[in-house]
> 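The structure that follows is given in the form of structure tokens.
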Amino acid sequence: MTKTDLPKTDLPKTGASRRAVLRGAAATAALAATNTIGAPMIWAQNIKDVTLRQFGTGVSNLNEVAQKVKEDLGFTLEMTALDSDSVTQRAATQPNSFDIADIEYWICKKVWPTGNLQAMDTTKIKYYDKISPIFTTGKLRPDSVVAQGTAPSKVGFVTEEGSKEFAAEPTRWMTLIPTIYNADTLGIRPDLIGRPIEHWSELLNPEFKGKASILDISSIGIMDMAMTCESMGEIQYGDKGNMTREEIDKTIAIFTEAKKNGQFRAFWKSFDESVNLMASGEVVIQSMWSPAITAVKTRGIPCVYQPLAEGYRSWGGGLGLSKALSGLELDAAYEYINWYLSGWVGGFLMRQGYYSAVPETSKEFMSENEWGYWYEGKPATGDIVSPQGQKLAAAGETRDGGSYDERMGHVACWNSVMDENQYMVRKWNEFIAS
Amino acid sequence: MQAERKSETLTGWLLAAPLTLVLLFFLILPIAMIFVVSFWGATEFSIYPAFQFDNYQFLFSSPVTYQVFAKTFMYAGVTWACTLVIGFAVAHFLAFHVRSLTWQIALFLLCTIPFWTSNIIRMISWIPFLGRNGIANSTLMELGIIREPLEWLLYSDFAVILAFVHLYTLFMVVPIFNTMMRIDRSLIEAARDNGASGFQILTNVIIPLTKPGIMIGSIFVVTLVMGDFVTVRIMSGSQSANVGRLISNDIGLLQYPSAAATAMVLLATVLIMIAIMLRFVNIRKEL
């Protein structure tokens with residue numbers, strides 16, 4: 001990140017004031033540092049006028065990122081955070097309302113055929129080679145098996161530019177540039193349960209009657225149901241990410257019965273609902289997302305993201321470009337993506353318990369202790385604090401589930417949309433209404 | 001003479017035009033649109049024009065629809081009864097027991113204070129209060145009335161109705177209070193002079209004369225409850241569904257035609273209910 005690699009002669013020689021030129025130079029330097037070719041940025045001045053509108057789920061739509069973009073790249077990034085349903089809806093129906101869609105891979109499967117997004121040229125992505133193989137080949141190690149469900153590798157590429165068809169193998173045209181992902185499991189209140197929890201089946205254990213919860217987002221909730229039913233030994237699924245009608249019926253039937261028996265305290269739809277349910281002790285075991293665990297912990301309430309024998313349900317998000325993007329805005333979007341993968345964001349997200357698509361670059365932005373705790377699964381050597389400055393773990397503690405390989409290597413299935421999605425949704429509505 | 005009449009007609013039309021246009025663009029047109037879309041088809045991510053009855057067919061053939069409508073009627077009915085009793089009592093107190101106008105106005109304003117904050121906030125503030133370790137449960141336990149926390153206080157139909165009653169009672173109080181204030185006090189004196197007891201005055205004089213107010217309040221409460229979705233979702237912890245939630249779920253899943261069909265059925269239901277209510281009382285007399 002040195003400014004000296006910037007050829008001075010390439011500075012725009014317009015009649016701009018000295019200060020404007022300097023500001024332009026600073027922005028150019030930042031850009032050049034993250035640009036593959038290091039080509040002269042003629043538009044260095046214009047780029048400050050660019051505003052990119054990004055929307056997505058709350059997880060990565062963070063104001064800190066927008067601020068840093070302004071500092072490092074000079075342009076404005078407007079962020080809108082919505083829930084997954086609204087995100088899908090917007091990406092599918094209002095292509096002109098955004099420039100960058102921060103969506104999950106299963107949403108991509110749903111939205112891509114509308115033609116509202118454009119594929120990205122991987123040759124313009126500086127860190128493409130360093131992106132975790134989970135997103136390219138789907139295999140963390142060469143001998144791993146691609147997990148069930150909408151694994152990112154299955155919808156990560158299209159056959160050619162402008163195509164609506166997903167490619168089976170990595171190609172030059174990428175649908176989403178992976179940003180963050182994680183392996184999800186059940187969250188528990190160890191202080192209120194008081195015994196080890198090892199299986200997904202515990203979610204329906206009558207011991208937790210009236211104290212369990214799952215999330216009311218059908219496409220994700222059905223997966224947690226499937227993990228539970230499989231763990232109970234009730235159902236063997238061909239592919240949990242793409243169930244048959246019969247499998248859906250059976251799964252919903254088991255949960256409907258549990259609901260009627262009063263197993264569930266509530267269902268949650270938004271992140272903060274899940275935090276409140278857990279923190280208030282209304283619920284002691286529920287499907288949960290990693291930062292929600294963090295949020296409960298920062299209130300000083302014990303909460304564990306419990307690794308389970310059957311493995312994790314995983315999800316991943318990425319940035320997609322609106323079809324409407326072109327010219328300067330498109331260039332700015334590529335700059336943004338390259339910057340996104342260059343480490344600062346990764347470090348920021350990893351300190352909250354997520355993973356970055358390019359873990360290597362994040363390392364430089366994390367202390368050795370943080371890297372060891374979050375990525376390598378080593379005991380912390382000092383206090384682990386969140387980016388907001390709250391203490392999450394003391395020296396000696398290790399991360400729930402262990403290292404990156406340990407956690408991401410045990411993904412049983414990915415969030416997905418099924419072929420029988422409409423049928424599943426109707427069944428889900430019945431489940432909620434029952 | 002003729003020209004004068006003509007210009008009068010023209011003025012009449014012109015005066016009516018703004019409201020007509022507003023209603024046309026913001027009421028009739030959107031509803032017509034919803035009606036049209038309710039016959040369209042939908043794929044997972046898009047909707048396409050068509051003329052098919054699939055949406056209605058699915059709606060009427062699914063047992064969930066009937067369950068959900070039954071639940072919606074239940075919420076509307078119980079909420080209506082509770083708000084009516086409370087609303088009538090409050091209005092009666094304000095109109096007949098508080099003597100000075102200043103106090104009437106002051107107390108009436110007091111009733112509206114909760115409405116200075118948002119609907120959602122008033123609703124959500126019940127959650128920590130009713131929760132398992134909430135104020136209600138811990139107080140009851142400290143008083144020794146219960147040993148175990150009451151689970152049904154929160155995330156239950158009870159919680160939903162409590163929130164509805166809390167949110168909508170004022171809509172009952174205002175019109176009832178309004179009609180009560182118009183009742184000629186000499187009628188009550190006359191009744192008393194004729195030897196009517198307090199209860200007889202209530203049933204034979206006050207209630208019949210307050211009917212229009214009761215009806216207006218009822219229409220407010222019933223339509224608000226029938227169309228709600230967020231109160232039910234939050235207070236039942238997503239565990240119960242009413243028609244509004246059915247629609248909102250469909251919208252969330254991009255199933256606009258099916259949402260439109262449900263909305264049309266709901267609209268028809270509510271209109272029928274209001275028509276029935278209006279058969280009982282001619283509220284136009286009061287307006």
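Chain letters run A, B, ... following the sequence lines, proteins first and then strands; every chain starts at 1. As a basis for the values below, the full set of heavy atoms in this structure was taken, side chains included, without hydrogen atoms, waters or symmetry mates.
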> When rounded to the nearest 0.5 angstrom, what distance separates OG in B:Ser258 from CZ in A:Arg426?
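One finds 6.5 Å between OG of B:Ser258 and CZ of A:Arg426.
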
> Any chance CZ of B:Phe39 has more than 12 other-residue heavy atoms, nucleotides or ligands included, within less than 6.0 Å?
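Atom CZ in B:Phe39 is crowded, with more than 12 foreign heavy atoms closer than 6.0 Å.
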
> Answer with side chain, backbone, both or neither: which region of B:Leu154 has an atom nearer than 4.5 Å to a non-hydrogen atom of chain A?
both

> Around A:Gln94, counting heavy atoms of other residues, nucleotides and ligands shown, do more than 12 lie under 6.0 Å from its CD?
yes

> Quick check on A:Val87 against chain B: is it the side chain, the backbone, both or neither that has a heavy atom closer than 4.5 Å?
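The answer is neither part of A:Val87.
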
> Using a cut-off of under 4.5 Å for heavy-atom pairs, which of A:Ala433, A:Gly210, A:Ala266 has the most such pairs with chain B?
A:Ala266

> Is it true that, when you exclude A:Lys154 itself, more than 12 heavy atoms of the residues, nucleotides or ligands shown sit nearer than 6.0 Å to its NZ?
yes

> Is chain B contacted by the side chain of A:Ser218, its backbone, both, or neither, given a heavy-atom distance below 4.5 Å?
side chain

> Would B:Gln67 and A:Glu430 count as having a side-chain donor-acceptor pair, cut-off 3.5 Å?
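Side chains of B:Gln67 and A:Glu430: no pair found under 3.5 Å.
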
> Got a donor-acceptor contact below 3.5 angstrom from the A:Lys259 side chain to the B:Gln239 backbone?
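Present.
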
> When rounded to the nearest 0.5 angstrom, what distance separates CZ in A:Arg265 from OG in B:Ser156?
7.5 Å

> Rounded at 0.5 Å granularity, tell me how far CD in B:Glu151 sits from NZ in A:Lys209.
9.5 Å

> Counting only heavy atoms from other residues, nucleotides and ligands, does the tally under 6.0 Å from CZ of B:Phe35 exceed 12?
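Not more than 12 within 6.0 Å, no.
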
> As an exercise: rank B:Asn249, B:Val68, B:Leu246, B:Thr65 by heavy-atom pairs under 4.5 Å with chain A and give me the winner.
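Result: the option with the highest number of such pairs is B:Asn249.
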
> Counting N and O atoms only, with roles assigned by atom type, does the side chain of B:Arg132 sit under 3.5 Å from a partner on the main chain of A:Ser280, one being a donor and the other an acceptor?
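Flag not set: sc B:Arg132 to bb A:Ser280 has no pair under 3.5 Å.
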
> Within the supplied structure, the quantity of interest is the number of heavy atoms (other residues, nucleotides, ligands) at a distance under 6.0 Å from A:Phe166 CZ; does it exceed 12?
yes

> Find out whether B:Asp250 and A:Asn429 are in side-chain contact, i.e. whether some heavy atom of one side chain is under 4.5 Å from a heavy atom of the other.
yes

> Measure the spacing between NZ of A:Lys269 and OG of B:Ser238 and express it to the nearest 0.5 Å.
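OG of B:Ser238 is found 6.5 Å from NZ of A:Lys269.
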
> Just checking B:Tyr66: does its OH atom have more than 12 heavy atoms from other residues, nucleotides or ligands closer to it than 6.0 angstrom?
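Result for OH/B:Tyr66: enclosed.
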
> I want to check something: taking the side chain as every heavy atom from C-beta on, are A:Leu277 and B:Tyr155 in contact at a cut-off of under 4.5 Å?
yes

> May I ask you to test the A:Ile432-B:Arg245 pair for a side-chain heavy-atom distance under 4.5 Å?
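Sidechains of B:Arg245 and A:Ile432: in contact.
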
> When only pairs under 4.5 Å are counted, which of A:Phe431, A:Trp268, A:Trp428, A:Phe267 shares the most heavy-atom pairs with chain B?
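The answer is A:Phe267.
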
